[in-house]
Chemist: 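Attaching a single structure in structure tokens format; questions to follow.
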Amino acid sequence: MAKIETPELDARVLLKDALKLSDAELIAAQDATASPEGEMLYRNLVCRRISGEPVARILGHREFWGLRFELGPDTLVPRPDTETLVEAALASFGRADAPRVLDLGTGTGCILLAILHELSLATGTGVDISPEAVETARRNAKNLNLSGRAHFVVSDWDQRIDEQFDLIVSNPPYIPSGHIPELSEEVRLHDPMRALDGGKDGLIAYRALAACARRRLAPNGVLVAELGIGQEADVAALMRDAGLKVDGPARSDLGGVPRALVVRG
Ligand SMILES: C[S@@+](CC[C@H](N)C(=O)[O-])C[C@H]1O[C@@H](n2cnc3c(N)ncnc32)[C@H](O)[C@@H]1O
């Protein structure tokens, strides 16, 4: 069984959820006793955590860019590293801009919806090959009052899209297939394989993204793609080979890993 890195924090988050407590109530409840039902529910959540289920999967939601995103079995749990992609995308636009945004492989919709949340005049389309992920993204847009500016399509990359966009964003599946067995159980057993597996060299989806960018970027448009560890040179080369201009170096995440590559048409 894998080691739980933050047992105390996880226990408190699960307790808060089981007993439906606010932060203040959680602090005040230090010495309080729960009802038998509350205690049973809490024990059940703790057992799930001990058996290796990630906290976000147990709760069914995760915070990203300060916003709450519901999860489904077919959506990746949004990662803090991906906020670097949102930062890089926002750096190309001002608050008065109204970019048309395309999010390829939208999952929960977290990237697109974070951008629409920041740019109140932007509109966007999120696509995913998974109908269940698209349903989850639609629900998240509704919960965040962004449905009026976001629409979601089930599509194999841009196959069912025919417009052009000022901004294309994507966090594609990029783990080389041979590395999947080395991932932690929390990722390997609980995140959907379709969200992880980038094929033999981890780059299959980037080739598709480069082709999409050629077809879908409006004049002066920009593509911002998330990178896996060590992929900057290969992805940049692949984008250049497709006739795109790389605006390097990639923006690094908080761990210093080059994470968001900006590419222009
Ligand atoms: C790494 S996840 C990213 C999800 C979300 N954007 C995020 O950052 O949390 C990649 C997503 O791409 C989707 N995907 C994989 N292959 C696809 C394809 N051929 N066309 C469209 N979406 C695809 C997966 O279903 C998954 O939701």
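Note that ligands are numbered from 1 as they come in the structure, with each ligand's atoms numbered from 1 the same way. Throughout, numbering of the chain's residues begins at 1 and tracks the sequence.
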Chemist: With Pro99 as reference, evaluate Leu116, Leu121, Leu119 under the side chain to side chain contact (heavy atoms under 4.5 Å, CB included) test and give the passing residue.
Modeler: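 By the side chain to side chain contact (heavy atoms under 4.5 Å, CB included) criterion, Pro99 pairs with just one of Leu116, Leu121, Leu119: Leu119.
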Chemist: May I ask whether Leu76 and Ile180 are part of the same hydrophobic cluster, defined by side-chain heavy atoms of I, L, V, M, F, W, Y residues being less than 4.5 angstrom apart, directly or through others?
Modeler: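 Yes.
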Chemist: Which residue is it: Thr84, Asp81, Asn171? I am looking for the one with a side chain to side chain donor-acceptor pair (under 3.5 Å) to Arg259.
Modeler: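 The option that passes is Asp81.
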Chemist: Taking the side chain from Asp197 and the backbone from Pro173, do they hold a donor-acceptor pair closer than 3.5 Å?
Modeler: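 Checked: no pair found.
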Chemist: Suppose we screen for salt bridge (charged side-chain N to carboxylate O under 4.0 Å, His left out). Which residues come up paired with Arg100, at least two apart in sequence or across chains?
Modeler: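 Arg100 satisfies salt bridge (charged side-chain N to carboxylate O under 4.0 Å, His left out) with Asp166 once adjacent residues are dropped.
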Chemist: Other residues, nucleotides and ligands only: do more than 12 of their heavy atoms fall within 6.0 Å of CG on Asp241?
Modeler: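 It does: Asp241 CG has more than 12 such atoms within range.
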Chemist: Can you list every protein residue that has a heavy atom under 4.0 Å from any atom of ligand 1, sorted by chain and residue number?
Modeler: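 Ligand 1 is contacted, at a heavy-atom distance under 4.0 Å, by Leu76, Pro78, Thr82, Gly105, Thr106, Gly107, Cys110, Ile111, Asp128, Ile129, Ser155, Asp156, Trp157, Asn171, Pro172, Pro173, Arg194, Ala195.
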